[in-house]
Amino acid sequence: MADEAKAKGNAAFSAGRFEEAARHFTDAIALAPGNHVLYSNRSAALASLHRYSDALADAQKTVELKPDWAKGYSRLGAAHLGLGDAASAVAAYEKGLVLEPSNDGLKAGLEDAKKAAAAPPRRGPSGPDGIGQMFQGPELWSKIASDPTTRAYLSEPDFMQMLREVQRNPSSIGMYLSDPRMMQVLSLMLNVKIQRPEASESSQSTPPPPPQQQHQTPPPETKAREVEPEPEPEPMDLTDEKERKERKAAAQKEKELGNAAYKKKDFETAIQHYTKALELDDEDISYLTNRAAVYIEMGKYDECIKDCDKAVERGRELRADFKMISRALTRKGTALVKLAKTSKDFDIAIETFQKALTEHRNPDTLKKLNEAERAKKELEQQEYYDPKLADQEREKGNEFFKEQKYPEAIKHYTEALRRNPKDPRVYSNRAACYTKLGAMPEGLKDAEKCLELDPTFTKGYTRKGAIQFFMKEYDKAMETYQAGLKHDPNNQELLDGVRRCVEQINKANRGEISQDELQERQNKAMQDPEIQNILTDPIMRQVLIDFQENPRAAQEHLKNPGVMQKIQKLVSAGIVQMR
């Protein structure tokens with residue numbers, strides 16, 4: 001449910017509905033209060049609403065929950081900067097860069113914070129600086145992207161350059177107001193409709209000035225309008241736009257050809273098509289991620305990693321969909337797993353998958369992360385495997401066992417199993433230690449593992465049977481001892497174990513045990529699934545009724561080996577008493 005609320009918040013944020021996004025993130029936090037990503041996301045939404053104090057509180061919580069996560073410090077820096085505390089913003093961005101030195105977002109934030117710290121006090125809300133301030137908030141990009149009249153500007157490099165310059169130096173806004181695109185964005189930010197001079201002149205008929213004013217010197221502004229030629233870039237702009245669209249269409253065709261070649265496993269041809277697509281259009285990172293996928297198939301993992309890094313870097317610049325960034329990081333992680341030779345090599349792959357999941361929680365990425373963590377653990381065990389050292393640790397454990405220092409013995413047996421997890425003797429020895437300490441469930445688990453590794457290991461049966469006997473599960477203990485006797489019919493420990501079990505079962509049948517002990521045995525037996533199945537079997541229920549009400553019919557039932565075996569099971573468990 002928390003993931004669902006988070007997804008709704010992400011969708012609302014991407015659409016520029018920041019109030020709604022903040023509400024969804026709040027719902028998600030209520031369900032998962034320890035998830036640092038949720039506080040980070042809500043901080044971004046609140047900053048977009050200029051609620052910088054609230055954004056700062058969420059950013060601080062993010063860092064508190066996950067102090068080694070670079071993005072948290074990016075949120076912290078943005079909130080401080082929004083509150084006008086440039087020095088604290090610088091400190092936050094620098095902390096983030098210590099964790100992730102190559103993070104472009106942190107670098108850009110630090111540069112802005114340093115400029116803000118070094119800049120003299122601004123003149124206030126009026127003048128060029130005041131207008132330029134409108135371009136400082138994080139909501140600028142979402143507003144431009146969500147408005148159909150301005151969305152296309154984000155794909156025009158010269159316009160993006162102008163916006164970045166205004167963000168760096170608000171007073172430079174005056175240099176770009178002659179550009180109709182900048183005026184359109186300014187109109188969007190002010191939420192008013194600004195008419196350009198040429199539009200005004202063409203859309204309304206101004207009556208001619210009175211005769212007495214015709215020979216007067218026009219004001220400087222009017223004169224400037226008359227002298228200033230009307231901009232005529234439309235034909236060139238249209239040509240450029242047409243050419244850009246043609247290049248994008250051609251790039252898409254190359255991509256489709258690359259996809260077809262990839263499906264045919266013609267990887268060299270696929271690489272050529274994706275490379276051509278990149279040459280035609282460098283604003284779509286899918287060409288890089290697709291080529292990276294081909295490099296994985298070809299075993300060129302270093303080339304794949306390079307493409308993925310380029311895709312992430314370029315995607316940040318273009319503010320690409322977070323799913324695309326996640327895809328690039330996932331493919332990089334896949335390549336890093338392929339290159340891993342030691343358990344430590346998996347660390348960077350695991351970290352990369354985790355970063356991908358912070359961008360988009362994709363099930364495939366999560367599966368790859370889990371597989372990488374398992375592979376790392378298995379490789380760690382292989383690297384740690386050393387039978388000689390395992391034998392030394394086992395011998396140390398044996399010495400401590402003889403001295404009745406059972407906790408110390410368990411410590412050495414455990415280390416022996418880390419060095420060689422396939423030695424049944426060590427499981428048997430540790431089971432004996434657990435038995436001495438009264439830790440019966442742990443001992444039983446070790447005894448069962450011992451027999452799983454070597455079903456012929458007689459000592460394992462005596463360990464398991466003894467534990468079951470101490471737990472007063474006499475019927476199970478007898479089954480264990482009998483199973484051991486199949487491998488070693490003359491083993492005295494196993495024979496003695498069977499004898500002790502029979503004595504206890506007969507005591508119960510003769511009524512020689514207390515009512516409390518009988519009740520305890522019956523309660524344990526009722527938890528056994530096999531006993532439950534017997535008691536719920538309609539045929540066995542009728543057999544038990546016959547034993548009470550029709551002895552002659554009961555004798556006929558005992559001739560059936562299957563029924564007899566089940567009756568014996570109930571007798572051994574103390575459920576049925578034969579007198």
Side-chain angles (χ1 to χ4, degrees), residues 428 431-432 434-436 438-441 443-444 447-448 450-451 455 457-579:
S428 172
Y434 282 131
T435 305
K436 294 291 185 181
M440 301 303 174
L444 182 61
E448 288 174 342
C450 167
L451 294 174
F457 191 63
T458 306
K459 202 69 176 176
Y461 291 100
T462 60
R463 299 286 192 220
K464 182 179 178 181
I467 293 169
Q468 290 170 324
F469 187 89
F470 288 135
M471 295 172 73
K472 298 183 180 180
E473 295 178 349
Y474 303 122
D475 55 322
K476 291 183 179 180
M478 188 158 67
E479 287 179 4
T480 299
Y481 288 132
Q482 288 172 340
L485 286 169
K486 292 178 182 179
H487 301 285
D488 187 359
N490 299 317
N491 185 284
Q492 194 59 48
E493 281 188 85
L494 295 172
L495 292 170
D496 289 343
V498 171
R499 178 181 52 77
R500 290 196 302 272
C501 291
V502 170
E503 288 176 357
Q504 292 298 323
I505 292 170
N506 288 338
K507 275 186 180 180
N509 290 335
R510 293 193 300 267
E512 295 178 2
I513 61 175
S514 68
Q515 189 63 35
D516 289 342
E517 186 177 353
L518 178 62
Q519 187 66 47
E520 181 184 354
R521 284 184 58 192
Q522 290 176 342
N523 289 341
K524 283 187 178 181
M526 291 299 292
Q527 296 174 12
D528 186 341
E530 188 177 352
I531 296 291
Q532 293 173 5
N533 289 335
I534 294 173
L535 293 176
T536 55
D537 183 346
I539 295 176
M540 287 303 301
R541 289 171 66 179
Q542 184 60 49
V543 169
L544 294 175
I545 292 172
D546 287 344
F547 265 98
Q548 291 180 330
E549 300 177 356
N550 189 349
R552 186 172 297 175
Q555 293 300 318
E556 291 298 319
H557 290 312
L558 292 177
K559 295 177 181 179
N560 185 321
V563 171
M564 185 60 186
Q565 184 179 4
K566 291 178 181 179
I567 292 293
Q568 186 59 50
K569 179 75 176 178
L570 295 176
V571 171
S572 299
I575 302 296
V576 172
Q577 292 179 298
M578 302 287 287
R579 296 179 182 176

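For the single chain, residues carry numbers from 1 onward in sequence order.
- Judged as a side chain to side chain contact (heavy atoms under 4.5 Å, CB included), and not counting sequence neighbours, the contacts of Leu451 are Tyr461, Lys464.
- With rounding to the nearest 0.5 angstrom, the CG atom of Leu495 is 5.0 Å from the CG atom of Leu485.
- The minimum heavy-atom distance linking Ala477 with Gly465 is given by the pair CB-O, 3.5 Å.
- From Ile467, atom CD1 reaches atom CD of Glu473 across 11.0 Å, with rounding to the nearest 0.5 Å.
- Partners of Lys436 under the side chain to side chain contact (heavy atoms under 4.5 Å, CB included) rule, at least two apart in sequence or in another chain, are Phe401, Tyr406.
- With sequence neighbours excluded, the residues satisfying side chain to side chain donor-acceptor pair (under 3.5 Å) with Gln468 are Thr480.
- Scored by the side chain to side chain contact (heavy atoms under 4.5 Å, CB included) test, Glu503 finds Arg499 as partners (sequence neighbours excluded).
- Within the model, atoms CG of Asp537 and NZ of Lys566 stand 4.5 Å from one another, a figure rounded to the nearest 0.5 Å.
- Annotation: ring pair (Phe, Tyr, Trp, His ring centres under 6.0 Å) contacts involving residues 525-545, sequence neighbours excluded, are absent.
- In this view, Glu479 and Lys569 satisfy the side chain to side chain donor-acceptor pair (under 3.5 Å) rule, not counting sequence neighbours.
- Partners of Tyr481 by ring-ring contact (aromatic ring centres under 6.0 Å, His included), not counting sequence neighbours: none found.
- Using a distance-only test at 3.5 Å, with no hydrogens or angles considered, a donor-acceptor pair links the side chain of Asn533 to the main chain of Pro529.
- Partners of Glu493 by side chain to side chain donor-acceptor pair (under 3.5 Å), not counting sequence neighbours, listed by chain and number: Lys459.
- The CZ atom of Phe457 lies 12.0 Å from the CG atom of Asp488; values are rounded to the nearest 0.5 Å.
- Residues forming a ring-ring contact (aromatic ring centres under 6.0 Å, His included) with Tyr434 (at least two apart in sequence, or on another chain): none.
- Evaluation of the side chain to side chain donor-acceptor pair (under 3.5 Å) rule for Asp496 yields Gln492 as partners, not counting sequence neighbours.
- In plain terms, the two heavy atoms of Cys450 and Ser428 that are nearest each other are SG-CB, 4.0 Å.
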